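Structure, as structure tokens:
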Amino acid sequence: MSNQYDAIVIGSGIGGLVTATQLAAKGAKVLVLESYLIPGGSAGYFEREGYRFDVGASMIFGFGKKGTTNLLTKALAAVDMSIETIADPVQIHYHLPDGLDLKVHRDYEQFLQELISHFPAEKTGIRRFYDECWQVFNCLNSMDLLSLEEPRYLTRVFFQHPLSCLGLVKYLPQNAGDVARKYIKDPKLLKFIDMECYCWSVVPADRTPMINAGMVFSDRHYGGINYPRGGVGQIALKLVAGLEKAGGEIQYQARVNKIILDAGRAIGVRLTNGKEYYAKKIVSNATRWDTFEKLLPPESLPGSEKKWQKRYQKSPSFLSLHLGVKADVLPSGSECHHILLEDWENMEAEQGTIFVSIPTLLDPSLAPPDHHIIHAFTPSWIDQWQKLPPQEYQQKKEAAAHRLIERLKKLFPKLDTGLDYIEIGTARTHRRFLNRIDGSYGPIPRRKLLGLLGMPFNRTAIPNLYCVGDSTFPGQGLNAVAFSGFACSHRLAVDLGLPTRRD
């Protein structure tokens, strides 16, 4: 029963790996337990017939070269790792109802001018809204982003950056929709801002925290969207290499099915094969539902988690279509990332909004010569795919793929003539391979909340148990879960008595 490790991390998603690498770099003895064959979770990859597909989205923040919000760059550097990246000149090419077709250029002024050309009467409001997003970003980008649960850090950062701290406190209870409506009246433009939020938060602007919006809407012009050469899966692979270089360990096909408690305190984990490992601290990179409802006995569910579940619900999963296509399918001048929606009323509907990534426009090595990858995905609830016999399940998948391809022909008219490879994934696929409850993308507010104030931090009500990833502050997205990993490792380092970084 003696503690073998300083920390055990359940799951090798980016949040878990950042936590583990940061701790290992500080001298902690760390073990990561991953249920699958490779690391990364939603930021993983798979290979088929010469194609290397990203499991999730290919639109990556956090690889900037300046400021403090370039968290993926910093996470790799902490363990002497780096990744070559390719800059994307356009974040998203939107194809929206009523002929609203525009691009979010990396150049901030170019983006504003294109948006203003569609809504000339809202010129002042557009600039004021997005400029206020910059105010949030500038506050974040002026300080190290570590644990808000650590009093000494808060004291230090306040005295170093008092105006930035006060600015963030102002925005903590606000949502992006509230700020947008201060400046903008046009309902169609407000719908566009809903989509600007929905594309990464899976909720409209009135349920998207302003701090998150400020980060995303500004960093795309500051650090930019940068694709890792070799695919998104390289991020996790590099972090694992850095973890092992720093003395940490990772085990694959090591599925945790129980967090071991002693007198109400987390002391270890048990795998499905019966092996047990013990540590001073346990970190769960699983969702909070998986952590507290599957890895712990139901009677141990803390009151704080019950309250959290009343405020937040599971987001939908995705129906994913991974395509290998001939190069001539893509029209000249195609961008890497697209969003397609034909009817505003369907933005949040089952299979309503389609997200498209074509990473081979940035890195051709991911596909055979003269071919491209098209990854199209659309929100889908697991209820649509439950309790189907195998043949009916396969038929339903193929029918859904056919409908998606027909819709995508609006962007790529020759798509069905150039198909070389098709792989279809559903919420059941995400649940099976990513080990996430219902295949969910993460938590979303059940109703309008006060910004980020309802989002939990890393410590839990169970002593020695911490959570990291998209179920903790500040939420979904690779850079956001990296933030969560930095915060969790900082809090753990203090609790373990390890040295913490100081300015």
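Source: prediction; values computed, not measured.
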Between Tyr94 and Phe192, what is the ring plane arrangement, given parallel below 30°, perpendicular above 60°, and tilted in between? perpendicular

If the plane angle is over 60° it's perpendicular, under 30° parallel, otherwise tilted; pick one for Trp289 and Trp308. tilted

I'd like to know if the side chain of [X] pairs up with that of [Y] as donor and acceptor (distance under 3.5 Å, no hydrogens or angles considered).
| X | Y | answer |
| --- | --- | --- |
| Tyr278 | Glu276 | yes |
| Arg207 | Asn175 | no |
| Tyr45 | Gln234 | no |
| Glu398 | Gln394 | yes |
| Thr19 | Ser489 | no |
| Tyr252 | Ser12 | no |
| Ser317 | Trp381 | no |

List the steps, then state whether ring-ring contact (aromatic ring centres under 6.0 Å, His included) holds for Phe483 with Phe473. CA-CA 8 Å; Phe483 185 164; Phe473 181 94; 5.8 Å; yes

Is it true that Glu406 and Arg403 have a side-chain N and a carboxylate O under 4.0 angstrom from each other? no

Taking atom [atom1] of [X] as the centre, report whether more than 12 heavy atoms of other residues, nucleotides or ligands fall under 6.0 Å from it.
| X | atom1 | result |
| --- | --- | --- |
| Lys310 | NZ | no |
| Arg432 | CZ | no |
| Lys307 | NZ | no |
| Lys326 | NZ | no |
| Lys275 | NZ | no |

Rounded to the nearest 0.5 Å, how far does [atom2] of [Y] lie from [atom1] of [X]?
| X | Y | atom1 | atom2 | result |
| --- | --- | --- | --- | --- |
| Gln22 | Leu492 | CD | CG | 11.5 Å |
| Thr85 | Ile60 | OG1 | CD1 | 11.0 Å |
| Ile405 | Leu419 | CD1 | CG | 5.0 Å |
| His430 | Ser42 | NE2 | OG | 8.0 Å |
| Gln91 | Ile225 | CD | CD1 | 5.0 Å |
| Leu271 | Tyr277 | CG | OH | 5.5 Å |

Candidate list Asn285, Asp470, Thr472, test side chain to side chain donor-acceptor pair (under 3.5 Å), partner Ser484, passing option: Thr472

Among Tyr36, Phe53, Tyr51, Tyr421, exactly one meets ring pair (Phe, Tyr, Trp, His ring centres under 6.0 Å) together with Phe46. Which residue is that? Phe53

Cation-pi check, Arg459 onto Tyr466 ring (under 6.0 Å, within 45° of axis): no

Verify, without hydrogens or angle tests, whether Asp194 (side chain) and Ala205 (backbone) share a donor-acceptor contact under 3.5 angstrom. yes

Counting N and O atoms only, with roles assigned by atom type, does the side chain of Thr417 sit under 3.5 Å from a partner on the main chain of Lys414, one being a donor and the other an acceptor? yes

Ignoring hydrogens, what is the shortest heavy-atom contact between Asn435 and Ser35? Give both atom names and the distance. ND2-OG, 3.6 Å

Which atoms form the tightest heavy-atom contact between Glu345 and Asp343, and what is the distance? N-OD1, 2.9 Å

Give the C-alpha distance, both sets of side-chain angles, the deciding distance and a yes or no for side chain to side chain contact (heavy atoms under 4.5 Å, CB included) between His338 and His95. CA-CA 7 Å; His338 302 256; His95 312 267; 2.9 Å; yes

Does the separation of the ring centres of His93 and His337 fall below 6.0 angstrom? no

